[in-house]
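Worksheet for the structure shown next.
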Amino acid sequence: QVQLVESGGGLVQAGGSLRLSCVASGRTAKSNAMGWFRQAPGKEREFVAGIDWSGSNTDYADSVKGRFTISRDNAKNTVYLQMNSLKPEDTAVYYCTADSSLGVRPREYDYWGQGTQVTVSS
């Protein structure tokens with residue numbers, strides 16, 4: 001089992017920045033690929049970014065490329081999502097995920113955090 005706890009969400013103006021953190025705990029926390037998904041009201045949950053266990057491979061949704069950066073610190077069992085140049089359309093609940101391999105679909109991940117709200121005002 002892997003437990004995930006997100007933090008760092010909040011309200012920010014368009015063009016601003018936020019950094020989300022997700023702390024993982026559990027027996028295999030360090031060996032998992034980790035990712036971030038988001039879900040806006042009335043929309044399906046969508047992939048935002050992912051990183052493999054070593055941090056060598058990352059993947060991003062086209063909508064956030066060049067603005068968001070995913071990274072991890074395995075010594076702290078933590079994955080980060082640095083979000084710059086935020087837009088109102090980035091408003092959503094952001095979820096941290098973990099599983100044995102990097103994927104882009106929600107069904108590929110077994111472990112989920114409780115989510116953190118990000119609101120970007122125009």
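We count residues from 1, following the sequence as given.
- Put simply, SG on Cys96 and CD on Gln3 are 12.0 Å apart, with the number rounded to the nearest 0.5 Å.
- Note on Val93 and Val64: separate hydrophobic clusters, where clusters join Ile, Leu, Val, Met, Phe, Trp and Tyr whose side-chain heavy atoms are under 4.5 Å apart, directly or indirectly.
- Other residues, nucleotides and ligands contribute over 12 non-hydrogen atoms within 6.0 Å of the CD atom of Gln114.
- At a threshold of 4.5 Å between non-hydrogen side-chain atoms, the residues Leu4 and Tyr95 do not count as touching.
- By the 4.5 Å heavy-atom criterion applied to side chains, Leu81 and Phe68 are counted as neighbours.
- By the 4.5 Å heavy-atom criterion applied to side chains, Met83 and Val118 are counted as neighbours.
- Glu108 CD to Ser101 OG: the interatomic distance, rounded to the nearest 0.5 Å, is 6.5 Å.
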*Applying side chain to side chain contact (heavy atoms under 4.5 Å, CB included), run through Trp36 and Cys22 and close with a yes or a no.*
CA-CA 9 Å; Trp36 291 94; Cys22 174; 3.7 Å; yes
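- Ile51 is not listed as a side-chain neighbour of Asn57, based on a closest heavy-atom distance of 4.5 Å or more.
- Side-chain contact check for Arg67 versus Asp90: some heavy-atom pair is nearer than 4.5 Å.
- Contact annotation: the side chain of Tyr80 never approaches that of Thr69 to less than 4.5 Å [non-hydrogen atoms, C-beta and beyond].
- Distance check, rounded to the nearest 0.5 Å: CG of Asn32 to CG of Asn77 gives 10.0 Å.
- Across Ala98 and Met34, no two heavy atoms sit closer than the pair CB-CG, 4.1 Å.
- The shortest side-chain heavy-atom distance between Ile70 and Val79 falls under the 4.5 Å cut-off.
- The side-chain heavy atoms of Glu46 and Arg38, taken from C-beta on, include a pair separated by under 4.5 Å.
- Salt bridge status for Asp62 with Lys65: present, with a side-chain N to carboxylate O gap under 4.0 Å.
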Donor-acceptor contacts, no H, no angles, side chain residues 7-21, under 3.5 Å, sequence neighbours left out:
residue	atom	partner	partner atom	Å
Ser17	OG	Asn84	OD1	2.9

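- Remark: the backbone N or O of Gly50 is not paired with any side-chain donor or acceptor of Thr58 at under 3.5 angstrom.
- The two residues Asp110 and Asp99 make their nearest non-hydrogen contact at N-OD2, 2.6 Å.
- Checked against the 6.0 Å centroid criterion, the rings of Phe47 and Phe37 qualify as a close aromatic pair.
- Thr97 places a side-chain N or O within 3.5 Å of a backbone atom of Gly35 that can act as its donor or acceptor partner.
- Tyr109 approaches Trp112 most closely through the heavy-atom pair O-NE1, 3.2 Å.
- Panel note: side chain Asn74, backbone Trp53; a donor-acceptor pair is recorded below 3.5 Å.
- The closest donor-acceptor contact from the side chain of Thr78 to the backbone of Lys76 lies under 3.5 Å.
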